[in-house]
Amino acid sequence: MKSIKVLVIAMALAMGSTSFTAHAGATAATGATVQVQVQQIRNATAKIQYAGKTFLVDPFLAKKGTYPGFPGTFHSELRNPTIELPLPVKDIMKGVDAVIVTHTHLDHWDGGDHNFIPKAMPLFVQHEADAALIRGQGYTDVRIMTGSTEFEGVRLTKTGGQHGTDEMYGKKPLGDMLGEAMGVVFQAPGAKTVYIVGDTVWNATVDGTLAKFNPDVVILNTGDARMKGYTGSIIMGKDDVLHAYQAMPNATIIATHMDAINHMTLSRKELRDHVKEHKIGDRVRIPADGEVLTFAVVK
């Protein structure tokens, strides 16, 4: 037993976190099963139970039709969100330990318009600009992710991406409006590694993250959101689901960010047909709003 603990500590020190080390030793010593649970809420909003902690990712909690459609995008005449939440907000917030906001576009963060999220709850953001905005809305524990961050035994690693095509970023003010959006990798001893890719097109940064972390679960935003007058999407689409399946032969792919915002052009139904056509349904999940997916591994 002593040799096992020494090995675990050495590995954790190599990863550079002493608090992570202590948690690793306890998990390895007990051989515990660490359950990972991903609940699709709506759009990109997800509730993730990971190594004993519960994270709410990209909370967009407004009632159906609260906001006008995004100008300059497909179907901007539709109001957002286009569908209701699958369960009451109080149930969504139940047990949440921290919130992760990958970026502050309205469909990923509307916390300035309501009081559903406690003002003192830990919120993780990508940079100072997003932190300043959220602090200005009255939230008091806003933490900027810089590389790898530890939260009560869970390692959160900030990853990059590009929220649109090179052409879009070359045009002003569109490039500034698209801005930056991060992804997040979740790690803990005994738990499957989860990679939330975030609002990005597929690029070298995504390839590099997959190669570095070899995640067991990859969550893709696949609604194929479109801007008027431009070719290409500002997030991923059905071909990227196939790409992920082929690039990560041992990973489960979860497709989300569909059927809730005006400029999404790929529906769950269309993606299910695509998955069936390419015979990749063994490792691709397209959860309904409110659906829970569970992953567990014994170390």
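All figures in this text were calculated on a predicted structure; none of them were measured in a lab.
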Indicate the ring-plane relationship of Phe186 and Tyr50, choosing parallel, tilted or perpendicular according to the 30° and 60° boundaries. tilted
Give a yes or no answer on whether the side chain of Asn221 reaches the backbone of Ala44 with a donor-acceptor pair at less than 3.5 Å. no
Tell me whether Glu84 contacts the main-chain N or O of Lys64 through its side chain, where contact means a donor paired with an acceptor under 3.5 Å. yes
Salt-bridge test for Lys47 and Asp91: reply yes if a basic N is under 4.0 Å from a carboxylate O, no otherwise. no
Do side-chain atoms of His127 reach the backbone of Asp130 as a donor and acceptor pair under 3.5 angstrom? yes
In Val99, Asp110, Ile134, Val96, the residue satisfying side chain to side chain contact (heavy atoms under 4.5 Å, CB included) with Ile117 is Val99
Is it true that a side-chain atom of Asp58 and a backbone atom of Thr102 form a donor plus acceptor pair closer than 3.5 Å? yes
Any luck finding a side-chain donor-acceptor pair between Ser76 and Asn262 under 3.5 Å? no
Evaluate the criterion side chain to side chain contact (heavy atoms under 4.5 Å, CB included) for residue pair Phe124 and Lys158; output intermediate values, then yes/no. CA-CA 10 Å; Phe124 293 93; Lys158 174 185 174 182; over 6 Å; no
Is the side chain of Gln39 donor-acceptor paired with the backbone N or O of Gly290 at a distance under 3.5 Å, no angle test? yes
Determine yes or no for a side-chain-to-main-chain donor-acceptor pair under 3.5 angstrom, with Arg285 supplying the side chain and Thr252 the backbone. no
Strictly distance-based, threshold 3.5 Å: is any side-chain N or O of Asn43 a donor or acceptor partner for the main-chain N or O of Asp107? yes
Angle between ring planes, His105 versus His163, binned at 30° and 60°: parallel, tilted or perpendicular? tilted
His278 side chain vs Ile280 backbone, donor-acceptor pair below 3.5 Å: no
Test item: side-chain donor near acceptor, Asp199 and His108, under 3.5 Å: yes
Quick one: do Met264 and Ile235 satisfy side chain to side chain contact (heavy atoms under 4.5 Å, CB included)? Show the steps, please. CA-CA 9 Å; Met264 301 298 148; Ile235 60 174; 3.9 Å; yes
Of Thr165, Asp224, Thr222, Asp239, which is the lone residue that meets side-chain hydrogen bond (donor to acceptor under 3.5 Å, both in side chains) with Ser233? Asp224
